[in-house]
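Right, one structure below, let's go through it.
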Amino acid sequence: MLDLSSPSRRVAAPRVGTQGCPRSVSVISAARSCSSLNPGSDAAEPSSSAASEPGLSEEQLRAALITETDLGQPWVPTRGAATWRDGLLKSSTKDADCRRLLDVLYTEDLFGTPAGPRAVVALDDAYSGSQLRYQVAAYRPADVDRTLKWLGGLPEKCGEFTATARKDGVQKVEVDALRLPETGDARQALRVTMTGETPDRQLTRLTLDVAVVRVGEDTITLTNGGFGDVSSELAQVIAEFGVNRLTEIQKQGRVRV
């Protein structure tokens, strides 16, 4: 079980181990010791996780999800969409790429309709109020890689811009690359922060991490955000753990064919 609970946010042994890594590691050591982190990759050497043929079933995709059991306390099944989704992510800006980024952050849909079933789980951090959404689905690898390339260019195109939220007014938006472990066949991640004021002039700062990893023809999409402490290492560790789990499910699926 991954134990990411506050305050120590430790990670216990995942069900699918990482080759050469200890079976019980902290979030920090998992991110720094067991993985080589890079700013993202538009293309990567094919990994041992080949595309599953035929595609995974809905049941298999659900088995590949990260759950509150994996994360441990304080993560619980979601109690509904956070108010900041409508308050801040429903925003507009002039630049087309930056506007598209805000749109996909709100819809949490980077790739459109998948080629088959899709499995999704949403979790809340009961301490900080952060929300995490994790989904696995099959898309055409070329379409995914094209979107990853677009994401990789956003820190330069949309590094800093202003957006107008429908409810919370003008926001300063910053977009930075988020490093991920060298896992899967292709990967990309961003950290987006939105800073502004409430109507009663209270400062607000929303942090939202989005990470995507393609594993053969299956793609993991993770978002994690909130007003509290949003650890970037959480996305890094979950991405690697999730790829390991999905790879095992893919292998099981091919054995049964």
Side-chain angles (χ1 to χ4, degrees), residues 27-28 31-32 37-43 81-112 125 128-134 144-182 186-214 219-239:
V27 170
I28 293 177
R32 295 179 180 172
L37 300 181
N38 73 2
S41 173
D42 298 332
T83 56
W84 48 259
R85 291 197 174 277
D86 284 337
L88 292 174
L89 296 184
K90 277 189 176 180
S91 300
S92 61
T93 191
K94 292 181 179 180
D95 183 88
D97 283 306
C98 305
R99 185 167 59 250
R100 179 185 171 191
L101 171 63
L102 294 174
D103 289 343
V104 298
L105 290 177
Y106 177 69
T107 62
E108 295 183 308
D109 187 359
L110 278 162
F111 306 107
D125 183 327
S128 72
S130 296
Q131 287 199 328
L132 182 151
R133 191 171 189 266
Y134 185 96
V144 174
D145 291 348
R146 185 162 48 250
T147 299
L148 294 180
K149 183 176 181 180
W150 171 73
L151 287 172
L154 290 179
E156 181 176 350
K157 293 179 181 178
C158 302
E160 292 186 8
F161 66 96
T162 58
T164 303
R166 295 182 182 180
K167 295 183 178 180
D168 293 325
V170 176
Q171 302 289 315
K172 177 184 176 182
V173 185
E174 299 177 66
V175 181
D176 296 296
L178 177 63
R179 296 186 299 168
L180 288 180
E182 294 275 4
R187 68 210 67 83
Q188 196 62 255
L190 298 173
R191 165 158 287 206
V192 179
T193 56
M194 302 181 71
T195 306
E197 291 184 348
T198 63
D200 58 355
R201 304 189 67 81
Q202 295 294 315
L203 290 177
T204 62
R205 182 178 176 87
L206 174 71
T207 302
L208 187 62
D209 292 340
V210 55
V212 179
V213 184
R214 180 174 65 77
T219 298
I220 295 169
T221 306
L222 164 71
T223 59
N224 179 40
F227 289 118
D229 177 24
V230 178
S231 169
S232 61
E233 289 166 327
L234 178 61
Q236 293 162 350
V237 172
I238 290 178

(request) Compare every heavy atom of Ser91 with every heavy atom of Ala163, then report the nearest pair and how far apart it is. (result) CB-CB, 4.0 Å
(message) I need the minimum non-hydrogen distance between Arg205 and Phe227, along with the two atoms involved.
(response) O-CD2, 3.4 Å
(message) How close do Asp176 and Pro155 get, counting heavy atoms only, and between which atoms?
(response) C-CG, 4.1 Å
(request) Could you grab the distance from atom CG of Leu105 to atom CG of Asp103, nearest 0.5 Å is fine? (result) 9.0 Å
(request) Verify, without hydrogens or angle tests, whether Thr93 (side chain) and Thr162 (backbone) share a donor-acceptor contact under 3.5 angstrom. (result) yes
(message) For a quick test of reading the model, state the closest non-hydrogen atom pair linking Leu151 to Gln188 and the distance between them.
(response) CB-CG, 3.8 Å
(request) Can you measure from OG (Ser130) to CG (Leu234) and round to the nearest 0.5 angstrom? (result) 9.0 Å
(request) May I ask you to say whether Asp145 pairs ionically with Arg214, meaning some side-chain N is under 4.0 Å from a carboxylate O? (result) yes
(message) Please determine whether a side-chain nitrogen of the Lys or Arg among Glu174 and Arg191 lies less than 4.0 Å from a carboxylate oxygen of the Asp or Glu.
(response) no
(message) If you compare all heavy atoms of Asp97 against all heavy atoms of Cys158, which two are closest, and at what distance to 0.1 Å?
(response) C-SG, 4.0 Å
(request) To the nearest 0.5 Å, tell me how far Leu132 CG sits from Asp125 CG. (result) 9.5 Å
(request) Find the distance between CG (Leu154) and CZ (Arg100) and round it off to the nearest 0.5 Å. (result) 8.0 Å
(message) My understanding is that only one of Leu222, Thr221, Ile220, Thr223 makes a side-chain contact (heavy atoms from CB on, under 4.5 Å) with Val212; could you say which?
(response) Thr221
(request) Return yes if some donor-acceptor pair links the side-chain N/O of Gln171 with the main-chain N/O of Leu88 below 3.5 Å, else return no. (result) no
(message) To check you understand the geometry: which heavy-atom pair defines the closest contact between Leu178 and Ala235, and what is its length?
(response) CD2-CB, 4.2 Å
(request) To the nearest 0.5 angstrom, please state how far the CD atom of Gln202 sits from the CD atom of Glu197. (result) 8.5 Å
(message) With a 4.5 Å cut-off on side-chain heavy atoms, are Val175 and Glu160 touching?
(response) no
